[in-house]
Amino acid sequence: MDGNGRWAKARHLPRVAGHSRGVEKVRAVIEASIASGIEYLSLFAFSSENWRRPADEVSVLMRLFVSSLQKEIDALVRNGVRLRVVGQIDAFEPRLRELIARAQEQSAHNSRLHLTICASYGGRWDIVQAAQRLVADYAAGAALPGEQEFARRLSMSFAPDPDLLIRTGGERRISNFLIWQLAYAELFFTDVLWPDFQGEEFAAALAWYAQRERRFGRTSEQLARVG
């Protein structure tokens, strides 16, 4: 979800105005995902690299995270959304960690939409922590495992690998997001800044994805025979 700061700058507003507007778009995309029958939605809200931003901006983002959890969790629960937050959660202040834990517990019984917020998250960190867990689990000298055993130790092992990545804001890269999991994802890039991301842009991304041929290493002829 990229472009909050540029959206605010273009309107001669403080960056916090862009981040606040961005939160509104999160709500809209969650609602659109439910309406579209999407079962898993992951949002890259705050990367491990974002800690390098100016301290006042990071502070604003943390306050927005707190207020969003407080305001939205009841609506998420009512709408059947299960919330998870993945990343280096220990980097957050105790109050935010407590709110995250409470929100996850409140929504744990839901299954209409599995919503994952990636916060203080980095794809390289995810791979390293999975490797560390793997080493610990196999320290006794057992045979080294394959891809499936490794994937079970990633932070989003509860979800299927993404089918579609949408990046707003005009950048054409994944920026350390779900490096392992995006191996076969379709990548949709749009110049629209996140605060301007509307239902029609989301629908356009889904329509584009629907036209893609998902081969996973096979040929089109093989897929036709299977279908």
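Remember, predicted model here, so these are calculated numbers, not experimental data.
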Counting N and O atoms only, with roles assigned by atom type, does the side chain of [X] sit under 3.5 Å from a partner on the main chain of [Y], one being a donor and the other an acceptor?
X: Asn176; Y: Arg124; answer: yes
X: Gln129; Y: Asp126; answer: yes
X: Ser120; Y: Ile89; answer: no
X: Ser20; Y: Ala17; answer: no

Heavy-atom pair of closest approach, residues Leu154 and Ala130: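 Closest approach of Leu154 to Ala130, heavy atoms only: CD2-CB, 3.8 Å.
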CD (Glu147) with more than 12 external heavy atoms under 6.0 Å: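 No, not enclosed.
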Is the [X] ring parallel, tilted or perpendicular to the [Y] ring (thresholds 30°, 60°)?
X: Phe150; Y: Trp180; result: tilted
X: Phe197; Y: Trp194; result: parallel
X: Phe92; Y: Trp51; result: tilted

Would you say that [X] contacts [Y] through its side chain, given a criterion of any heavy-atom pair below 4.5 Å between the two side chains?
X: Gln106; Y: Leu83; value: no
X: Arg153; Y: Gln132; value: no
X: Gln104; Y: Ile100; value: yes

Side chains of Asp56 and Ser59, donor plus acceptor under 3.5 Å: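 No, Ser59 and Asp56 have no side-chain donor paired with an acceptor closer than 3.5 Å.
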Verdict with supporting geometry, Leu206 and Ile38, side chain to side chain contact (heavy atoms under 4.5 Å, CB included): CA-CA 10 Å; Leu206 297 183; Ile38 292 171; 4.2 Å; yes
ring-ring contact (aromatic ring centres under 6.0 Å, His included) partner of Phe188, the single match among Phe202, Trp208, Tyr209: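 One option only clears the test, and that one is Trp208.
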